[in-house]
Amino acid sequence: MKIYDQILQKFKTDDNQLYFSAEANFSKEDLPSYGFFKTIVDEAIPKRDKVKITMNGDSEYDSLDFSNTSAEQFKAFLTETENVDVLIEIDKQVEENEVSVYNYNSFIRNLDLTDELLCLEFFAEISNKFSDVLTFKIYDSCFEERYYSTTSYKFQYYLDGLNCNSNILKNSRKNKLDKVRFTTGFYNFSQYPLLPDDFHIISNDFEPIIEEKFNRWETLFSGIYISTFTIINNNIFQMSSLSMKKITEEQMIESVSYDEELFEIYNWVFKGQNYLDKLAIVRNAIDNVGFKFYNHSLSVQDILVIYNLYLQSKTEEFLKAKNDVGNFIATTLYELDQYTNVIAGSLSNNFFALVAFFTTTIIANIVSDSPLNNIFTHDVLLLSMVILIGSFFYCIISNLKFNRDLEKIDTIFSRLKNNYEEVFPESELEKIFSTDEFNKQKEKIRIFRCNINIIWLGSTLFLFLGVLILLKQ
């Protein structure tokens, strides 16, 4: 017999949520051996759990904490008493997506008898300590070869391997929880961060004692997350189907009846993409005073009809957006391509002006009485410096105009994108208004402009230095 079964046989046990206790009174002769208790402390109880064994003798002063007791101390304790009260306490912890159950029947019975909100608080407490699927490791042999699960919880005997159906337990709980957190109007969400999926039964052989509760909680939270506003006060929940969040329904949690269709609607909304659009459609469909969450005729098929009409309308908007963006990008890319000619033209105009100035100066000197070797007079050189300085400022002004034109194009593109912010979610908006080609062309123009600036400023500086040298001579 396994040591866990010996504990259940020899002791009166109680397994309640995250606390297990076992107590019994033994005569000195019937008390289990030192090795029995030592095995419990050192080997039997998982390291994640904290175990404490306390022994009390006939006298109130005869007390022993077994945690740090040697065999000699244990033997000496027994010489002073004829009867021993033993209390085994285990504080259970959730680690590595596992939690212990030592007395299965007691654990289930306590779940069944505990107040609804206290039960939900227990599941809320452990929900913050696991990722996608939590395993209840059951050390009670009465559960041997049994197995059942919800989407988020699985109940399994500690010696059994992964159940053959465990592949369906791959859950995206965190992803769904983030979605409902972003959209929910549930006032008590921080107190009960639970999902309908946590209680959605996916096994044929489920524990009948708690099956009704799990079904009820699945329905309760399905309604909570598709409603516009919900609050739980004591064991009463109040819900609103109206966009103005006026309470339209009030009910005791215990009176909620199982509604599979409500879960299907919730699951359709939050499973996959476009959950914001789907939720908006569902809330729009229930936005009337007469709608009752737990007495309704709404179905996923009804919602799909509305959603398909929405998709048809959205497709038209999508094509219009793509057409607008296509025309804008095509026109903008053409205009950007012309900027290479504009930039090169600015450089050409600058050098043409310089060449025209020096050519005019030479011709003027040829037809004058002055000798040709005295073309660059002091006045001509000063005027040349002024022109070269003007060329430098002309380069700066050309660059400022180019930057301003690019900013103007970016502003127009952003305005066009903003026109469709209420039509598409952000992910689709980024896909439609992709700026890859646009940015590539801008980068190409920037590189070309940089090369032109180097030629322009370099040659201007070279000529300026030349004129400066002639002035000094």
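All figures in this text were calculated on a predicted structure; none of them were measured in a lab.
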- Item | Under the side chain to side chain donor-acceptor pair (under 3.5 Å) test, residues paired with Ser255 that sit two or more places apart | Gln251

- Task: Evaluate the criterion side-chain hydrogen bond (donor to acceptor under 3.5 Å, both in side chains) for residue pair Asn103 and Thr13; output intermediate values, then yes/no.
- Result: CA-CA 7 Å; Asn103 185 334; Thr13 61; 2.6 Å; yes

- Query: How would you list all residue pairs meeting side chain to side chain donor-acceptor pair (under 3.5 Å) that involve residues 118-128, not counting sequence neighbours?
  - Reply: none

- Message: Taking CG in Asp65 as the centre, count heavy atoms belonging to other residues, nucleotides or ligands within less than 6.0 Å. Is the count above 12?
- Response: yes

- Output every pair passing salt bridge (Lys or Arg N to Asp or Glu O under 4.0 Å) with a member in residues 216-239, not counting sequence neighbours, ordered by first then second residue. Glu116-Arg216, Glu212-Arg216

- Query: Got a sec, which residues hit salt bridge (Lys or Arg N to Asp or Glu O under 4.0 Å) with Lys38, two or more places apart in sequence or on another chain?
  - Reply: Asp42

- Query: Got a donor-acceptor contact below 3.5 angstrom from the Ser240 side chain to the Thr228 backbone?
  - Reply: no

- How about Tyr187 and Phe237: are their ring centroids closer than 6.0 Å? no

- Message: For Gln73, I'd like to know if atom CD has over 12 heavy atoms of other residues, nucleotides or ligands within 6.0 Å.
- Response: yes

- Residue list, ring pair (Phe, Tyr, Trp, His ring centres under 6.0 Å) with Phe107, at least two apart or on another chain: Phe136

- Message: Less than 3.5 Å apart, any donor N or O on the side chain of Asn105 or Asp140 sitting next to an acceptor on the other?
- Response: no

- Please list, chain by chain and in numerical order, all residues satisfying ring pair (Phe, Tyr, Trp, His ring centres under 6.0 Å) with Tyr275, sequence neighbours excluded. none

- Taking ring pair (Phe, Tyr, Trp, His ring centres under 6.0 Å) as the test, write out the residues that go with Phe186, two or more places apart. none

- Identify whether the distance between the nearest side-chain nitrogen and carboxylate oxygen of Asp15 and Lys92 falls below 4.0 Å. yes

- Item | Which residues share a side chain to side chain donor-acceptor pair (under 3.5 Å) with Arg109, sequence neighbours left out | none

- CD of Glu145: more than 12 outside heavy atoms within 6.0 angstrom? no

- Message: Can you confirm whether the side chains of Lys12 and Asn25 place a donor and an acceptor under 3.5 Å from each other?
- Response: no

- May I ask you to check whether over 12 heavy atoms, not counting those of Glu260, lie within 6.0 Å of atom CD? no

- Message: Any side-chain to backbone donor/acceptor pair from Lys129 onto Val94? Under 3.5 Å, distance only.
- Response: no

- Query: In chain order, what residues pass the side chain to side chain donor-acceptor pair (under 3.5 Å) check against Glu250, with sequence neighbours excluded?
  - Reply: Gln238

- How would you list, by chain and number, every residue that makes a ring pair (Phe, Tyr, Trp, His ring centres under 6.0 Å) with Phe206, sequence neighbours excluded? Tyr148, Phe214

- Task: Using distance alone, with no hydrogens and no angle criterion, decide if Glu89 and Tyr19 have a side-chain donor and acceptor under 3.5 Å apart.
- Result: yes

- From Ile90 atom CD1 to Ser100 atom OG, the distance as rounded to the nearest 0.5 Å: 8.0 Å

- Message: Whether the side chain of Asn274 engages the backbone of Asp277 through a donor-acceptor N/O pair (distance < 3.5 Å, no angle test) should be reported.
- Response: no

- Message: Looking at every non-hydrogen atom in both residues, tell me the closest pair between Leu194 and Tyr225 and how far apart they are.
- Response: O-OH, 2.5 Å

- Query: Residues in salt bridge (Lys or Arg N to Asp or Glu O under 4.0 Å) with Lys52, at least two apart?
  - Reply: none

- Task: Measure the spacing between CG of Asn267 and OG1 of Thr151 and express it to the nearest 0.5 Å.
- Result: 8.0 Å

- Query: In Å, rounded to the nearest 0.5 Å, how long is the span from CZ of Phe66 to CE of Met55?
  - Reply: 5.5 Å

- Among Lys154, Arg48, Lys47, find the residue that satisfies the salt bridge (Lys or Arg N to Asp or Glu O under 4.0 Å) test when tested with Glu98. Arg48

- Task: Inspect the contact between Arg173 and Asp198 and indicate whether a charged nitrogen and a carboxylate oxygen are less than 4.0 angstrom apart.
- Result: yes

- Task: Using the test side chain to side chain donor-acceptor pair (under 3.5 Å), find all partners of Tyr258 that sit at least two apart in sequence or belong to another chain.
- Result: none

- Message: Is the shortest side-chain heavy-atom distance between Asn110 and Asp14 below 4.5 Å?
- Response: yes

- Message: Between Glu207 and Lys213, does any NZ, NE, NH1 or NH2 come within less than 4.0 Å of an OD or OE carboxylate oxygen?
- Response: no

- Between Thr81 and Asp62, do the side chains contain an N or O donor and an N or O acceptor separated by less than 3.5 Å? no

- Task: Please confirm whether Phe155 and Tyr104 have ring centers closer than 6.0 angstrom.
- Result: no

